[in-house]
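Worksheet: one structure, shown below.
Residues: numbered from 1 along the sequence shown. All ligand and atom numbering here is 1-based and tracks the order in the structure. Computed from a prediction, not measured in an experiment: that's the story for all the values here.
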Amino acid sequence: MKPLQNYLDGKFQEAREGGTREYLNPLDNSVLGVATESKQEDADAAIAAARKAFDEGPWPWTPAVERAAKLFKLADLIDSNAEEFARRETLNNGKPLREAKYDAADAAACFRYYAGLATKPHGQTYEVGDPNVLAQSVREPIGVCGQIIPWNYPLLMASWKLAPGLAAGNCCILKPSELTPWSAQLLFELIDEVGFPPGAAQLLYGAGDPAGMALAASDWVDKIAFTGGTATGRKIMQAAVGNLKRVTLELGGKSPVIVFADVDPDVALEHAMWAIFAGQGEVCNAGSRLFLERSIAEEFLSRLAVASGNVVVGDGMNEDTEMGPLITRAHQKKVLDLIESGKQEGAELLCGGSAYTDARASGNFVQPTVFANAPAHARIVREEIFGPVLVAEVFDTEDEAVARANDTIYGLAGAVFTKDGARAQRVIRRMRAGITWINTFHLTFAEAPWGGYKQSGFGRELGTYGYESYTEVKQINTHLNPQRIGWFKNLS
Ligand code: NDP
């Protein structure tokens with residue numbers, strides 16, 4: 001089986017030690033293929049090529065309009081390969097094809113957005129105290145950027161990292177998850193077709209440690225952008241300390257959805273389910289805690305239990321599938337163990353709670369699961385589960401809903417459902433989270449910033465903030481009438 005190859009210094013190539021790692025279909029754990037397995041030496045080669053491309057050019061000095069042209073072309077190529085991207089994502093990740101198609105469209109939109117942004121004004125000029133001085137700031141690329149991405153949105157996360165990084169003139173090394181390497185190969189085939197300078201955009205396969213860690217720890221890497229688990233984020237941050245590299249972290253969450261009694265119940269019910277079951281709940285911003293106002297709670301929960309039991313769970317390649325399998329057996333076990341802990345700690349299981357015993361047993365499926373009446377200290381209330389497990393709670397007042405929604409170490413996302421516009425704004429402004437929605441969920445746009453408060457990370461991706469996170473700010477002071485200072489009398 002020909003392995004997926006690294007793309008280093010403008011060439012597809014296998015890792016120097018020649019090892020490979022299988023990647024699987026979570027539908028039945030069959031082998032889809034193998035990817036080359038990079039070690040320290042390969043990471044070093046990638047870093048050296050990126051260093052050369054950055055320090056000697058031409059990428060950082062390529063005019064913005066030319067960088068933009070390449071990114072626009074890449075966006076068009078992603079569009080024309082969208083079906084193949086979606087197929088690979090579904091087979092390798094398990095998510096329904098319908099979702100994977102959105103990911104492909106969003107990836108193209110992300111490259112297009114940052115292509116456009118590259119040519120827009122980025123600096124400022126300042127009125128300063130001395131009329132003879134013109135003070136300006138310009139934005140410049142940071143340098144070599146290591147980009148480590150997870151397995152839940154392989155193509156989209158690659159796009160969120162590469163598009164702003166390249167648009168701003170950085171030289172980027174992408175390290176996909178070893179679990180989902182397939183779509184990155186196609187993306188880099190298209191990058192090769194567009195024709196970026198060698199070393200500007202590179203693909204490094206391999207395990208988190210050593211391949212990802214080599215990027216995080218290298219003194220020759222200027223920035224590390226990471227999306228993944230909070231525990232790994234801590235390790236990345238520690239490794240990055242050596243050369244004080246720039247770090248952006250997009251980590252886990254335990255995001256609240258607050259539903260007031262005045263809502264259209266069908267709208268709120270479907271969104272509550274979409275918030276947790278989209279992407280099998282393997283979504284950093286998943287709405288995994290549902291807060292219901294007491295007067296509607298009983299009716300809402302009984303409908304939620306029935307509707308969750310009716311979710312079509314199966315092969316993502318089937319057009320009518322609403323939820324697919326989890327990424328690995330190990331992750332399925334982690335989710336099932338957390339469900340078990342919920343039962344042991346006294347939560348009431350309203351639906352789901354198990355794997356399947358039918359034909360789906362060969363895959364990593366977990367039933368859509370809803371708990372209620374969990375004690376506040378229960379692990380299912382406090383920990384990120386990263387699976388289709390919803391914990392519902394009941395509240396009496398707005399203050400109580402906000403306080404309990406904020407009672408978490410995380411602060412990635414949150415939502416409120418109410419017809420009262422003033423209340424919606426009040427609740428969202430008090431919610432300690434970086435991504436919020438009013439009367440909707442999950443909507444994400446390349447144009448708007450994405451990132452978390454508290455232990456959900458720091459820094460922002462997407463929008464102008466995402467571009468800025470790939471730049472340094474340089475101050476330039478120009479004297480318009482150069483003359484002697486007069487401090488040193490004797491210059492001879
Ligand atoms: P990780 O955080 O371990 O993986 C994310 C990325 O980091 C992958 O590319 C991984 O590589 C890489 N990585 C892993 N260890 C290191 C390391 N020591 N140094 C550098 N890079 C590393 O996520 P897991 O897959 O282990 O999932 C664990 C939990 O994290 C999940 O259960 C979930 O709670 C959370 N998570 C959150 C995500 C989010 O979007 N915020 C996404 C994924 C997970 P490789 O996979 O090749 O080992």
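Under a 4.0 angstrom heavy-atom cut-off, Gly206 registers as being in contact with ligand 1. Residue-ligand proximity: Ala216 is placed with every non-hydrogen atom at 4.0 Å or more from ligand 1. Proximity of Phe226 to ligand 1 is established by a heavy-atom distance of less than 4.0 Å. At least one heavy atom of Lys334 sits less than 4.0 Å from an atom of ligand 1. Ligand 1 has His331 within reach: a non-hydrogen atom of the residue lies less than 4.0 Å from it.
Considering both main-chain and side-chain atoms, Phe386 never comes within under 3.5 Å of ligand 1 through any nitrogen or oxygen pair. Ligand 1 has no nitrogen or oxygen under 3.5 angstrom from a nitrogen or oxygen of Thr227. Considering backbone and side-chain atoms together, Ala207 places no N or O closer than 3.5 Å to any N or O of ligand 1. Considering backbone and side-chain N/O atoms, Pro150 never comes within less than 3.5 Å of an N/O atom of ligand 1. Every N/O-N/O distance between Thr230 and ligand 1 stays at or above 3.5 Å.
In this structure, Glu99 contributes its side chain and Gly279 its backbone to a donor-acceptor pair below 3.5 Å. Distance alone, capped at 3.5 Å, places no donor-acceptor pair between the Ser218 side chain and the Leu215 backbone. At distances below 3.5 Å, not a single donor-acceptor pair connects side-chain atoms of Thr232 with backbone N or O atoms of Gly228. Panel note: side chain Glu348, backbone Ala374; no donor-acceptor pair is recorded below 3.5 Å.
Less than 4.0 angstrom separates some heavy atom of Ile148 from each of these atoms of ligand 1: 6 (C), 7 (O), 9 (O), 12 (C), 20 (C), 21 (N). For ligand 1 and Glu178, the ligand atoms under 4.0 Å from any heavy atom of the residue are 45 (P), 46 (O), 47 (O), 48 (O). Every atom of ligand 1 with a heavy atom of Ile236 under 4.0 Å away is listed here by number and element: 19 (N), 20 (C), 21 (N). With ligand atoms numbered from 1 in the order given, ligand 1 contributes 41 (N) to contacts under 4.0 Å with heavy atoms of Leu251.
When hydrogens are left out, the protein atom nearest atom 10 (C) of ligand 1 is Lys175 NZ, 3.9 Å; that is the closest non-hydrogen contact. The closest protein non-hydrogen atom to atom 8 (C) of ligand 1 is Ile149 O, 3.4 Å. Distance from atom 21 (N) of ligand 1 to its nearest protein heavy atom, with residue and atom name: Gly208 O, 3.5 Å. Among protein heavy atoms, the minimum distance from atom 34 (O) of ligand 1 is reached at Glu384 OE1, 2.6 Å. Given atom 46 (O) of ligand 1, the protein heavy atom at minimum distance is Ser177 OG, 2.8 Å. Nearest non-hydrogen protein atom to atom 30 (O) of ligand 1 is Gly229 CA, 3.0 Å. Looking at atom 39 (C) of ligand 1, its nearest protein heavy atom turns out to be Cys284 CB, 3.4 Å. What sits closest to atom 16 (C) of ligand 1 on the protein, heavy atoms only, is Thr232 CG2, 3.4 Å.
Proximity of Arg289 to Ser255: side-chain heavy atoms (C-beta onward) are nowhere separated by under 4.5 Å. Looking at Glu189 and Leu186, their side chains come closer than 4.5 Å, going by heavy atoms from C-beta outward.
Of all the heavy atoms of Tyr153, none lies under 4.0 Å from any atom of ligand 1, so neither backbone nor side chain is involved. At a heavy-atom distance under 4.0 Å, no atom of Leu179 approaches ligand 1.
No side-chain donor-acceptor contact under 3.5 Å links Thr230 and Gln455. No hydrogens or angles considered: nothing links the side chains of Lys454 and Thr408 as a donor-acceptor pair under 3.5 Å. Between the side chains of Lys95 and Asn93, not a single donor N or O lies within less than 3.5 Å of an accepting N or O. Side-chain contact, Gln344 with Arg379: no donor N or O sits under 3.5 Å from an acceptor N or O. Of the N and O atoms on the side chains of Asp42 and Asn6, not one donor lies less than 3.5 Å from an acceptor on the other residue.
Of the candidates Tyr153, Phe386, Phe277, Tyr153 is the only one forming a side chain to side chain contact (heavy atoms under 4.5 Å, CB included) with Val283.
Scanning both residues, Ala446 and Tyr114, for their nearest heavy atoms gives O-OH, 4.4 Å.
Under the 4.0 Å distance rule, the nearest protein heavy atom to atom 18 (N) of ligand 1 falls inside the cut-off. Under the 4.0 Å distance rule, the nearest protein heavy atom to atom 26 (O) of ligand 1 falls outside the cut-off.
Remark: Lys175 is not positioned above the aromatic ring of Tyr205, lacking an NZ or CZ atom under 6.0 angstrom from the ring centre and at most 45 degrees off the axis.
If you look at Phe54 and Trp59, their ring centroids are not closer than 6.0 Å.
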